[in-house]
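Here the structure is laid out as structure tokens; the discussion comes afterwards.
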Amino acid sequence: MSTNFSVVGKSLPRSDARIKAVGAARYCDDIIRPGMLFGKILRSPVAHAKILNIDVSKAKALPGVKSVITADDTLKIRFGNWRLVPESQDELPLATDKVRFIGDEVAAVAAIDKDIAEEALSLIKVDYEELPGAFSVDESMAEGAPVIHEANPNNISLQRKIDYGDLDQGFADSHLILDNEFTVHATSHAYMEPCSCVAEYDHDGRLTIWTSTQTPYFVQCLLAQTLGMRENDIRVIKPFVGGGFGGKMELRKWEFCAAFMARETGRPVKFTLTRSEELTTGRRRHPMKIRSKIGFSKDGIILAKEFTAYLDGGAYNSMGPTAAFLCGNFGGMLYRHPNYRYNGYHVYTNKPPAGAMRGFGAPQALFVAETQMNMAAQELGMDPLDIRLKNAMVTGDEIPGVAKISSCGFKESLLKVAEMTNWREKRKNLKKGQGIGIGCYSFISGGVFNWFNTRYNFTRAEVRAFDDGTVHLLTMASDIGQGCDTVLRQILAEELGLEVKDIRLTAADTAVTPQADLGTWGSRVTLMAGNAVRKAAAEIKEQLFKVVSMKFDLNVIHDMACKDGRIYAKNRPDRGIDFGEAVRLAQRANRGDPIIGYGSYTPRNKGLVTPAFSFGAQVAEVEVDLETGAIEVKEMNTAHDCGTPINPMSVEGQLEGSVHMGLGYALSEQFIMKGGKTLTSTFLDYKIPCAEDMPPGKSVHIDTYEPEGPFGAKEAGEGLVSPTAPAIADAVCHATGYRCMDLPITPEKVLKGLGKL
Amino acid sequence: MSLPKFTYLAPASLEEACGLLDQYQGKIRTKAGGTDLMVRLAQRALKPEYVMGIRNIPELEGISFDPDKGLRIGAMALLSEVADNPVVLERYPMLSRAAKATATVQIRNMGTVMGNICNASPSADNSPTLVAMNASIVAVSSAGERQIPIDEFFLGPGRNALEATEIAKEILVPVPLSRSGVSYQKISPRSKVDIAAVNVGAMVVVDEQGTCQQARICLGAVGPIPLRATSAEEFLLGKVITDEVAEKAGALAGSDASPISDVRASKEYRRLMVIILTKRALLEARHGTGI
């Protein structure tokens, strides 16, 4: 591994930092087009009902209203991200015969201003025949439960299985068996920028849509499908996006409505959701009921594990099928599980659909798995650190039929975080009310799976080199705030021996950037798009090396280098020229053809899950007020392995964001629901941790090199959200004796656990 | 969401303001910092034809202390001004604590203590200490001025004792008696920046032996208005406030409260927190008496 990098590994400021800091970045809702209309969605006020009749005549008659649509105006084509399994595509752009949750989209209005659009909504009359609803997996799976989708009479929309080894033998050989049920709750992505889009239809019949999305290509394809248009007639542009966390990776119904009504009216149409719409009807993290049975030998070696998850999917599949699979994958990760069986059931309920959210099934699985490791340590009289070290995966380990671990710094992370926090000492010697606890994680660096059934490479890059010493990188990789615009430029600059400022970037515009890229999710971008960029750079270098070699009449055995803005023979640095000059010569040799390189990446021979796994360990220190149950997280320390960090400052930012989100998941964030109604409709009651709640803490990066990653890099943004809740739960248990098995850990639960309430 | 249409009025004197209230009775809302009002307008929860901003009225400004009359908090004194005011910090530190516990930095720099009181939310941060310290609100109309004891000011959630033609001019807080102590306790269990699930203000006055001569305890967020814990107060009279006495008073306050369950806490948890916070408030207040 070479560490002699010029640009990679440097904490360079993000290329979007300044424009965002000064407030000049234009997000979707900032876009104003001539003659633009404002759209609003009419949502179902009931959780489960037949639609008997919709009367839009009064709304249409309201002055200023330019379009009112219901399902009957549309082609009624089902859609969903799981194109590989068409029967999983269970959503329609607008509800037809039935509504299935409070917030289900029934009609849409476009008017000359927002107030008129709002007023028009109140003039639409919908007759519903209410049906009984089911609001938990238990209610949905009960005998005689209301059927939410006719195609799934038992309300289970799909089942995922993982099975290897001999489970019965493993349990038979076990000295200790724990068999526990856990529940984990739904949380909101709570991205800073609510969803927004502007659609415009031009005289040539092309539809352009600016949208706050993680996946421009998905939007393009699924819009084409639902509108009955050709993919290439639709142009999707991603402006600055204020966060996604998995909540913006599908075609959303207002995107369809904006496009449909722009085509119908010939005027641009904008939709921007309110925060309250986001909180009460938007996608959320899957609540789950998980049963985990695990067997250990006398000295704490895992012998068998049976993991069963019931995902409360809400009214539609959304990204549930993927979450169901990843939950099972991460139920059996981190440690060697010789015998493992997973069954995951995706269950429909009459609630807002759950979807992808940072961790994608892993935070739920790891809360359970890590809590159970801590329980087992307690039962066996072991230090939670030691039981982990005994079972930890190492480089080269295989998950049968699923994946091979190509790099793993897990044990090193465990030892490091223990050293950083003085773990062994503190675990023995804290006062009552004080606690220290541990949680660990692993995550994927992008998925190998192709549920979207793309016909293209997973990612692709185009690099154009210019004789002024600059290059232009074109990619559909989508920066949604995580920083890939900067990281991909760093990778390209490193490859070509240039500086980041020499790289111009055009990204995430389906009309001009190369087809295609699956978008930003599953921590895939740095590894996958990074590899595509490296390959494109290699094609550029190949062309430039030729002309430099010819110019200096170099012996064929010479190795060539790109560094510090020059192309030269490695062992004879004097024999070289500036990058721009090399481009000029190459273009001359091409008789004018520009110097362009293409690169693409699709994982090959990487099993079923991912090209590379990240690992890490986190330690929480808490203080619990034993009278009020209030929990204060005093410190949060982390040691983690993300391969080579391309931009350490960006990794640090991801870590802090993860701790913040994990803190909310563990302690304060939850949807309070009554039947199908979400009562926590604003940030006053949907409680995200504030700056003052953030604990101090350090993070240490464990140095590993991932052979499949660009410059050895792998996942850094998503996995870190998983260890926080189990670490805090363990610390609370250490402080009080109360072991939380149903998130979030509220003061009331603590006091109940202590018998004080 | 956009604001509904209304006419904005900005009187430059109290007299002018009272005239406007007379003129547009029932159609006008008074706006101080606007941190509650503007949100409710945007939600269409209120639809006044006129909004009267009182920022330009000099009589409503400022915080002052008079050794005989006590503390005066003008209607336009910001939460952050009260929180950081040297006189408040020196003589009424719990009023500062309560102001500082209200919402966020941004809101404290816009909103006022008077606005927080007039909004009459049962969970308002500034009510319990002002009730405990026996404050009063000065109301002005074109008919003249009157002083409303704070015990009579709150009528229900969002409802106060002001007449439609009145404007709340200032809050008066008496000079703290010798050997008195005050405390403000709040539990917002989910975050350091949070609306109170329960809050408690307490003031005790003791004699030289430490025997309780006077006690005022106010419980927030456990009833339709900030509630006096009268049985706890009566119990304390004539007793030295030991840990045990404080605990018993806490238990009595728990039965004085009438909490409900909502998205922020269950009624059982709220009642328990009344017990714990009252105990803590009494112990801190006792400590503050210096006896």
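Chain letters run A, B, ... following the sequence lines, proteins first and then strands; every chain starts at 1.
At a heavy-atom cut-off of under 4.5 Å, chain A is reached by no residue from residues 106-133 of chain B. Among residues 244-253 of chain B, no residue has any heavy atom closer than 4.5 Å to a heavy atom of chain A.
Contacts of A:Leu684 with chain B are made by both backbone and side-chain atoms, with heavy-atom separations under 4.5 Å. Residue B:Thr104 does not touch chain A at all, counting heavy-atom pairs closer than 4.5 Å. Within the 4.5 angstrom heavy-atom criterion, no atom of A:Gln670 approaches chain B. Looking at B:Asp194, both its backbone and its side chain come within 4.5 Å of chain A, counting heavy atoms on both sides. Contact of A:Asp113 with chain B is not made at all, since no heavy-atom distance falls under 4.5 Å. Contacts between B:Arg280 and chain A at a heavy-atom distance below 4.5 Å involve the side chain alone, from C-beta outward.
Taking the centre of each ring, B:Tyr50 and B:Tyr24 come in below the 6.0 Å mark. The aromatic ring centres of A:Phe671 and A:Tyr686 sit less than 6.0 Å apart.
Of the listed residues (A:Ile672, A:Asp625, A:Asp693), the greatest number of heavy-atom pairs within a distance under 4.5 Å of chain B belongs to A:Asp693. Of the residues considered (B:Arg271, B:Arg264, B:Lys279), B:Arg264 shows the highest number of contacts with chain A, using heavy-atom pairs under 4.5 Å.
Salt bridge B:Arg270/B:Asp262: present, at least one basic N to carboxylate O contact under 4.0 Å. Under 4.0 Å is where a charged nitrogen must lie from a carboxylate oxygen, and between B:Asp243 and B:Arg286 at least one such pair does. With respect to A:Lys40 and A:Glu119, no salt bridge is recorded, no charged nitrogen being found less than 4.0 Å from a carboxylate O. Taking the charged nitrogens against the carboxylate oxygens, A:Arg43 and A:Glu277 do have a contact shorter than 4.0 Å, which makes a salt bridge. For A:Arg284 and A:Asp312, the salt-bridge test fails: no basic side-chain N is under 4.0 Å from an acidic carboxylate O.
With 3.5 Å as the limit, one finds a donor-acceptor pair spanning the side chains of B:Ser183 and B:Gln185. Side-chain N/O atoms of A:Thr272 and A:Ser196 include a donor and acceptor closer than 3.5 Å. If you check the side chains of A:Ser212 and A:Glu193, you find a donor sitting under 3.5 Å from an acceptor.
Under a 3.5 Å cut-off, the side chain of A:Thr628 and the backbone N or O of A:Ala630 do form a donor-acceptor pair.
In plain terms, the two heavy atoms of A:Arg285 and A:Val721 that are nearest each other are NH2-CG1, 4.1 Å.
A:Lys687 forms no cation-pi arrangement with A:Phe683, by the criterion of a distance under 6.0 Å to the ring centre and an angle within 45° of the ring axis.
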